[in-house]
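Have a look at the structure below, then the notes.
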There are 2 protein chains.
Amino acid sequence: MKNDEVMNIAKKRGFLWSSFEIYSGSAGFFDYGPLGAILKNKIMNKWRDYYVVREGFYEIESPTIMPEEALKASGHVDHFTDPMTECKDCLEVFRADHVIKEAAGEEVEGLENEELTDILKDQQICCPRCGGGLSKVWSYNLMFQTVIGAKGKKTGYMRPETAQGIFIPFKRLLRFFRGKLPFGVVQMGKAYRNEISPRQGVIRLREFTQAEAEIFVDPRDKTHPRFAEVADDTLTLYSREKQVEEEGPVKLFAQQAVSEGMISSEILTYQLCLAKRFLDDLGIPDEVIRFRQHLPSEMAHYAIDCWDVEVETDRYGWIEIIGIADRTDFDLKSHSEHSKEDLRVFIEYDEPKTVRKLAVKPDMKKFGPIFKGDSPKIIKALEDVEASHVEKAFADEGSFKIEVEGKDYELSPDLINFEEKEEITRGEKIFPHVIEPSYGIDRIIYSVLLHTYTQEGERTYFKLPADIAPLEVSVFPLVNKESLAKNALHIKDCLRKEGIISEYDSSGTIGRRYARSDEIGVPFAVTVDHDTLNDDTVTIRNRDDSKQVRVPLSDVYSVLGDLVSCKTSFRDVEAEYKKVNS
Amino acid sequence: MKNDEVMNIAKKRGFLWSSFEIYSGSAGFFDYGPLGAILKNKIMNKWRDYYVVREGFYEIESPTIMPEEALKASGHVDHFTDPMTECKDCLEVFRADHVIKEAAGEEVEGLENEELTDILKDQQICCPRCGGGLSKVWSYNLMFQTVIGAKGKKTGYMRPETAQGIFIPFKRLLRFFRGKLPFGVVQMGKAYRNEISPRQGVIRLREFTQAEAEIFVDPRDKTHPRFAEVADDTLTLYSREKQVEEEGPVKLFAQQAVSEGMISSEILTYQLCLAKRFLDDLGIPDEVIRFRQHLPSEMAHYAIDCWDVEVETDRYGWIEIIGIADRTDFDLKSHSEHSKEDLRVFIEYDEPKTVRKLAVKPDMKKFGPIFKGDSPKIIKALEDVEASHVEKAFADEGSFKIEVEGKDYELSPDLINFEEKEEITRGEKIFPHVIEPSYGIDRIIYSVLLHTYTQEGERTYFKLPADIAPLEVSVFPLVNKESLAKNALHIKDCLRKEGIISEYDSSGTIGRRYARSDEIGVPFAVTVDHDTLNDDTVTIRNRDDSKQVRVPLSDVYSVLGDLVSCKTSFRDVEAEYKKVNS
């Protein structure tokens with residue numbers, strides 16, 4: 001299986017391995033080794049290049065530990081849970097929905113604990129390990145919990161997503177953007193999920209890296225000013241309907257997906273296209289990528305539309321690597337309510353508007369006899385009351401109750417008249433909607449390794465785009481002779497000084513060294529041979545086709561600089577310099 | 001106070017603010033806002049440029065959550081503690097050493113809990129808040145604790161330092177470096193410290209970012225092959241002796257510091273110089289930097305030598321921003337013992353050595369009568385026993401006890417002879433020593449802001465080096481007229497496409513806009529004026545001296561590209577283009 005070969009090389013050569021191996025490991029945790037960490041950094045910097053430099057969004061960084069109040073507001077304290085059941089005999093703990101799916105083949109996502117308990121009971125489903133009876137289903141919160149401070153009073157959690165760190169300081173961010181929509185803020189960093197028993201390698205981690213963008217827009221305008229730039233991009237779309245009808249996905253131009261209403265807005269479609277371009281740039285082939293729309297049952301209740309970018313794998317089937325959702329105003333509204341801070345945005349009208357508004361007009365004469373000396377303060381309090389509230393109370397309850405200075409007063413309809421007034425308003429306050437592309441960086445790295453892994457006879461290599469390859473250039477003496485070795489080492493040092501990540505290797509035959517260099521995806525190799533000593537030229541070898549050109553030393557640094565930043569292709573270099581017959 | 005002015009601008013303009021403000025905040029947590037996050041990324045990338053690209057070290061990334069066993073081995077479970085005392089009346093909790101220092105002026109770092117309790121009692125020190133009596137002193141562990149997995153059995157902690165994540169996979173790293181010393185591995189990332197009551201802003205965070213390098217060396221060779229490159233660098237050194245004698249620091253060449261024995265090794269000195277160069281590159285002036293050697297009382301018991309890089313601040317005095325230590329073989333040895341994995345490195349001799357070695361030689365004839373049928377297996381077991389152990393046992397206890405297949409046998413000296421043997425050995429296994437520069441990124445960022453903050457009359461600006469400034473170029477129309485605005489916006493977009501972080505601003509007078517741009521340290525401003533429409537030239541203004549030059553649009557992107565990457569200076573640009581009289 002390709003997965004196993006890739007993970008084997010990844011471990012052996014220093015991309016990725018299970019953490020804490022000398023302490024018998026700890027499931028759900030992985031280290032990025034020397035090559036993996038460079039690959040990850042390069043992919044994250046490319047993401048930054050897309051979202052920060054080119055889209056013009058701004059990055060922020062908020063803590064990974066969050067106090068309980070904030071996650072109460074976001075809904076994670078109550079709803080970021082898995083349904084669990086315990087075996088009464090062996091005490092092993094399982095996810096109830098997984099046990100049911102395995103035993104009965106039923107998809108039960110979204111059911112309540114009581115319903116799951118009933119299914120376990122009715123279908124007599126037993127412990128998959130020992131056959132014992134299973135307990136009632138309970139909710140297990142997936143956040144890592146901790147305590148902030150010395151006195152043990154303040155509960156904290158490791159954040160379940162980076163997004164919340166953007167919503168919480170929304171007022172400061174809005175000020176940074178001078179109060180104007182739309183704007184985008186991104187965050188890249190660790191997120192945590194205390195999985196019960198993660199057994200899927202790097203696919204299901206307890207600690208993982210996200211890159212999320214929260215794009216705040218006026219809910220009434222979900223067009224995109226630069227949509228034309230992506231209108232002709234093609235997307236493989238697996239819509240809700242096609243899934244329900246059990247048909248395959250369709251390939252559409254972005255333009256079509258919007259006009260046919262398959263994707264809910266231009267701005268969401270634009271984000272899908274951006275994701276696709278990003279994955280193209282990482283070398284993940286088109287045919288293993290699809291966009292799958294969430295079914296109503298799996299979508300968060302507040303979302304309008306949500307698409308997963310999925311990649312096909314031989315080991316795990318189609319896996320989600322990016323989620324792109326229209327989260328509406330759920331988060332900002334909820335944080336507003338919990339924090340009592342107004343997180344709305346004032347949207348100025350193009351021209352001030354005159355609005356006709358119903359106003360409450362107390363019948364002064366009738367107040368005195370009933371409320372005596374309290375009348376003035378009741379009348380004063382009524383000034384701040386919305387007419388619509390009073391109307392509704394009259395309709396629903398026959399009277400309107402008002403509290404003034406701790407005392408309740410009941411007003412009957414005959415005490416109040418309504419009057420239409422004209423008011424000039426400069427604009428209105430609204431909660432922005434949020435478009436969120438959320439990238440799972442670890443799964444993307446896994447997908448890149450899996451799908452760039454190439455076997456040609458004995459030779460294996462990662463066909464990584466040059467600008468994300470961890471090692472950029474290998475430098476070899478053709479044979480291990482001092483004059484050649486000295487020259488090669490010098491070239492390696494000069495490349496480093498130019499900021500090109502290069503390594504020197506002189507151990508074993510040149511063929512063996514090419515193979516080792518290919519195996520980890522080094523895109524180019526420079527070889528110093530006997531001709532180098534005479535004419536100051538070296539060969540540059542291209543990983544993907546093993547072809548070589550001979551380049552003067554005076555050009556080699558700039559040529560390699562352009563090659564490893566993808567400013568030029570090897571084909572162009574071949575056209576300019578002399579090919580070497582190998 | 002400069003601190004307050006800087007933090008005020010930092011908060012207002014989007015560098016840094018307290019996290020979770022809408023939930024009344026949470027002490028010890030800070031957000032990096034839109035400008036702060038770019039600054040941080042740039043500083044971390046510069047660090048990478050120093051340590052990864054140029055030094056040739058490799059970066060890895062390990063989890064922030066660690067299982068208890070690993071931190072037991074590192075000593076953090078037992079020793080990463082603060083001495084605490086509680087007020088019996090108001091129940092407030094305090095650091096005992098701080099309370100003593102405040103009340104009695106005594107420096108009591110390193111004392112045991114019992115000794116601190118005695119001091120509290122003897123000196124009748126009371127609660128600094130309410131005057132109540134204080135409790136016995138106990139150890140409070142500073143790690144955030146959590147539980148890994150569903151069943152609550154596995155204790156985990158948020159890592160207290162990134163270093164441990166490098167020691168644990170040492171075997172994999174050694175293999176990556178093909179078994180050869182020296183090599184360096186770095187990690188940048190979050191570390192955590194559950195401070196009791198952090199009240200020093202960004203100086204004492206509960207969650208902070210470290211950049212650490214662990215350089216594994218042969219303990220017998222602490223020279224540095226490229227020491228000559230730094231030999232003439234000057235360092236302000238505040239040695240142990242000078243501190244004890246209550247004198248000031250001295251300024252020495254690196255070369256002198258080594259030859260006079262003030263710093264324990266070339267390799268440690270090289271690291272001090274690297275740190276100094278890094279801080280220079282960030283714009284922190286020489287006069288606020290000093291290297292302070294740890295006093296024996298504050299140094300970890302296993303360390304040979306340790307220097308803090310300190311920066312002077314108006315609010316907090318001299319603060320440590322980098323620590324550079326020779327950690328010896330403490331960590332690898334300890335992880336070896338706890339994990340039962342051999343973390344030693346095989347060092348091959350230049351030539352195989354013939355070693356004379358004492359070997360155990362059982363007197364076969366005497367074994368039979370005593371141990372009967374067990375004799376062969378005892379004799380077999382003795383083959384693996386070091387002669388020195390047997391000799392020592394004879395000397396100390398009069399006999400040597402050996403366990404074979406669960407049974408104990410006592411051997412008296414007359415049963416054993418010793419024999420000298422010649423053995424050929426190719427090398428030996430040793431624990432490498434570790435040189436560790438450990439950078440506190442948040443404090444460095446604070447120091448950069450504090451010490452680049454400049455006031456000139458009304459004008460304030462951060463004199464940030466161009467290559468770490470968060471916004472690189474401001475683009476302005478001289479006046480807010482459509483023809484100029486359109487032009488300026490186009491230039492801003494083109495700069496973005498070139499990867500230059502630029503912003504457009506047309507609100508308020510040009511003077512006001514320069515001031516706003518200066519305030520956040522934007523190094524260059526491009527202004528589109530009426531001449532632009534005629535001759536396709538714009539002005540580039542230099543933040544530091546407000547000088548301007550007029551540059552043709554055709555050159556402006558490459559000129560600004562060179563300026564913001566510090567490839568050229570504004571002075572050079574002034575020499576090439578026409579100055580503008582302002």
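Because the structure is a prediction, the values reported are computed rather than measured. Throughout, a chain's letter reflects where its sequence line sits, starting with A, and its residues are numbered from 1.
Proximity to chain A (any heavy atom under 4.5 Å) is shown, for T64(B), by both the backbone and the side chain. With a 4.5 angstrom heavy-atom cutoff, T146(B) touches chain A via backbone and side-chain atoms both. For L91(B), the part lying near chain A is the backbone, with the side chain staying farther off; criterion is any non-hydrogen pair under 4.5 Å. Residue I38(A) touches chain B through its side chain alone, counting heavy-atom pairs closer than 4.5 Å. Using a 4.5 Å cut-off between heavy atoms, E503(B) touches chain A through its side chain atoms alone. Within the 4.5 angstrom heavy-atom criterion, no atom of S336(B) approaches chain A. Heavy atoms of K11(B) lying under 4.5 Å from chain A belong to its backbone as well as its side chain. Interface residue M84(B): only side-chain heavy atoms are found under 4.5 Å from chain A. Heavy atoms closer than 4.5 Å to chain A are found in the side chain of E341(B), but not in its backbone. The contact between Y140(B) and chain A is made entirely by side chain atoms (from C-beta outward), counting heavy-atom distances below 4.5 Å. For D342(B), no part sits under 4.5 Å from any heavy atom of chain A, backbone or side chain. Contact annotation for R13(B): only backbone heavy atoms (N, CA, C, O) come within less than 4.5 Å of a heavy atom of chain A. Within the 4.5 angstrom heavy-atom criterion, no atom of V186(B) approaches chain A. Residue L471(B) touches chain A through its side chain alone, counting heavy-atom pairs closer than 4.5 Å. Neither the backbone nor the side chain of F208(B) comes within contact range of chain A; no heavy atoms are under 4.5 Å apart.
With a 4.5 Å cut-off on side-chain heavy atoms, Y23(A) and H335(B) count as touching. Contact of the E59(B) side chain with the N41(A) side chain is registered, since non-hydrogen atoms from C-beta on lie closer than 4.5 Å. Proximity of P34(B) to V185(A): side-chain heavy atoms (C-beta onward) are nowhere separated by under 4.5 Å. Taking 4.5 Å as the limit, every side-chain heavy atom of R206(B) sits out of range of all side-chain heavy atoms of I65(A). Using a 4.5 Å heavy-atom cutoff, the side chains of K190(A) and K190(B) are not in contact. With contacts defined as side-chain heavy-atom distances shorter than 4.5 Å, the pair D31(A)/R172(B) does not qualify. With contacts defined as side-chain heavy-atom distances shorter than 4.5 Å, the pair L35(B)/F176(A) qualifies. Between S26(B) and K154(A) the shortest side-chain heavy-atom distance falls below 4.5 Å.
Heavy-atom contacts from other residues, nucleotides or ligands closer than 6.0 Å to CZ of R226(B) number more than 12.
Atom-to-atom distance recorded for F29(B):CZ and S62(A):OG is 11.0 Å, nearest 0.5 angstrom.
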